[in-house]
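In this chain, numbering begins with 1 at the start of the sequence shown.
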Amino acid sequence: FRPVLRFIHADQPRMLIADDVGVGKTIEAGLILQELKARNDVQKILIICPKPLITEHKWKNEMRRFGESFIELDSTALKDCIEETDRDGEWPIQYEKCILPYSIFSDDILGETPTKTSKKRRTPTLLELDPPPHFDLLIVDETHHIRNTSTIAYRTVEFFCTHADAVIFLTATPIQLRIDDLFTQLQLLRPDIIHDASSFETLSAPNPYIHHAIDIMRRGMPNWQDEASESLSQVTQTTYAKDWPQTNPDYISIMEKLHDKPISQDERIRLISKTEELLTFSGIINRTR
């Protein structure tokens, strides 16, 4: 339930769930869906995933656990939806809960390349739709498949992200990816705060010191309080967090607690959770190991 709580308390309903394999990312997404439905009128839901997961009906079957019925679309069905949206001005209601594979995305679907008019009627493309299709919730599974920004798959997902109220990304643990892959995913998810590589670098600068302090707290070895305090003090050397000693009450509280002696086992565990919230992407990323 932690991703659900983070999602509903975030400043924007957009989150990257980057749990380890086997933790249950699909179920977490389903729980978020149910919480959104309890709070808002959520009708139109789009799931994008690799084709093998459609062949195995993974998402379709998992969503049945939550009483949700989804339709899997191939390229022909997707083009029919686009054509109907072009004609009627909204996404067809019979496909308002649908699942698409990355593999069917092409320029014929997205429509970035202008085509010459011909006597033969051409199917409209996503970029030509006015108004564009709107979804209450977009779920994108295995987003490491769109880490290359030059691909049609990336730009098609970007199109759907732009026109969705809430977005959930599911992916492999970011620590196992290159840092620029994580930047690509977060910029797609939250372009309002990750403007470019420079803003990403500034925002992420405190995190290595915070992660190191958390690791020290978890081990709980002798002198762990002093070592964790030393690691967290280095956070203030970064541009992003240089004012934390005066402006961040959570940081101040943690540093004061680290200087209290002794700290009980329960207090140490609570302190770890509180320190995790200092991570600058804590409102965007959920990672369960």
Locate the shortest heavy-atom distance separating [X] from [Y]; write the atom from each residue and the value.
| X | Y | result |
| --- | --- | --- |
| Ala10 | Gly283 | CB-O, 3.7 Å |
| Glu142 | Pro50 | OE1-CG, 3.4 Å |
| Pro92 | Glu84 | CB-OE2, 3.3 Å |
| Lys44 | His134 | CD-O, 3.4 Å |
| Cys98 | Phe70 | N-CD2, 3.5 Å |
| Lys261 | Gln225 | CG-NE2, 3.9 Å |

I'd like to know if the side chain of [X] and the backbone of [Y] have a donor-acceptor N/O pair within less than 3.5 Å.
| X | Y | result |
| --- | --- | --- |
| Lys25 | Asp19 | yes |
| Thr202 | Ser198 | yes |
| Thr151 | Asn148 | yes |
| Thr238 | Val235 | yes |
| Arg268 | Ile263 | no |
| Asp141 | Ile47 | no |
| Arg147 | His144 | yes |

Should [X] and [Y] count as side-chain neighbours, where that means a heavy-atom distance under 4.5 Å?
| X | Y | answer |
| --- | --- | --- |
| Met255 | Ser229 | yes |
| Leu36 | Asp165 | no |
| Glu230 | Ile216 | no |
| Glu28 | Ile32 | no |
| Ile104 | Ile109 | no |
| Ile269 | Gln265 | yes |

To the nearest 0.5 Å, what is the distance between [atom1] ([X]) and [atom2] ([Y])?
| X | Y | atom1 | atom2 | answer |
| --- | --- | --- | --- | --- |
| Ile214 | Thr275 | CD1 | OG1 | 6.0 Å |
| Leu33 | Ile168 | CG | CD1 | 7.5 Å |
| Leu186 | Ile285 | CG | CD1 | 4.5 Å |
| Asp107 | Ile152 | CG | CD1 | 5.0 Å |
| Leu78 | Leu100 | CG | CG | 5.5 Å |
| Ile48 | His145 | CD1 | NE2 | 12.5 Å |

TODO: Please step through side chain to side chain contact (heavy atoms under 4.5 Å, CB included) for the pair Leu232 and Tyr209, ending with a clear verdict.
DONE: CA-CA 6 Å; Leu232 286 178; Tyr209 305 112; 5.8 Å; no

Ion pair [X]/[Y], N-O distance below 4.0 Å:
| X | Y | result |
| --- | --- | --- |
| Arg190 | Asp11 | yes |
| Glu276 | Arg218 | yes |
| Glu277 | Arg6 | yes |
| Glu62 | Lys58 | no |

Open item on the list: Counting only heavy atoms not in Glu267 (residues, nucleotides, ligands), do more than 12 fall under 6.0 Å from its CD?
Closed with: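 For Glu267, atom CD is crowded (more than 12 foreign heavy atoms under 6.0 Å).
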
Task: Enclosure of Ile93 CD1 (heavy-atom neighbours >12, cutoff 6.0 Å) - done: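 No, because the 6.0 Å sphere around CD1 of Ile93 holds 12 heavy atoms or fewer from other groups.
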
Open item on the list: Among Leu188, Leu170, Leu182, which residue satisfies the side chain to side chain contact (heavy atoms under 4.5 Å, CB included) criterion with Leu16?
Closed with: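 Option passing the side chain to side chain contact (heavy atoms under 4.5 Å, CB included) with Leu16: Leu182.
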
Open item on the list: Please determine whether residues Trp244 and Ile193 belong to a single hydrophobic cluster, defined as Ile, Leu, Val, Met, Phe, Trp and Tyr linked transitively by side-chain heavy-atom distances below 4.5 Å.
Closed with: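 Yes; Ile193 is reachable from Trp244 via cluster members.
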
- [ ] Apply the test side chain to side chain contact (heavy atoms under 4.5 Å, CB included) to residues Ser199 and Gln187: give CA-CA distance (whole Å), side-chain angles for both, the deciding distance (0.1 Å), then the verdict.
- [x] CA-CA 10 Å; Ser199 61; Gln187 187 184 42; over 6 Å; no

- [ ] Answer with yes or no after comparing the ring centroid distance for Tyr154 and Phe105 against a 6.0 Å cut-off, counting only values under it.
- [x]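 For Tyr154 and Phe105, the ring centres are not under 6.0 Å apart.
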
- [ ] Just say parallel, tilted or perpendicular for the rings of Phe135 and Phe160, cut-offs at 30° and 60°.
- [x] perpendicular

TODO: Decide side chain to side chain contact (heavy atoms under 4.5 Å, CB included) for Trp224 and Leu258; before the verdict, give the C-alpha distance in whole Å, the side-chain angles of both, and the deciding distance to 0.1 Å.
DONE: CA-CA 9 Å; Trp224 69 267; Leu258 285 171; 3.8 Å; yes

Task: Verdict with supporting geometry, Asp181 and Thr184, side-chain hydrogen bond (donor to acceptor under 3.5 Å, both in side chains) - done: CA-CA 5 Å; Asp181 291 340; Thr184 298; 5.3 Å; no

TODO: Please report the C-alpha distance between Arg270 and Lys257 in whole Å, then the side-chain angles of each, then the deciding distance to 0.1 Å, and finally whether the side chain to side chain contact (heavy atoms under 4.5 Å, CB included) criterion is met.
DONE: CA-CA 11 Å; Arg270 285 194 292 270; Lys257 192 65 180 177; over 6 Å; no

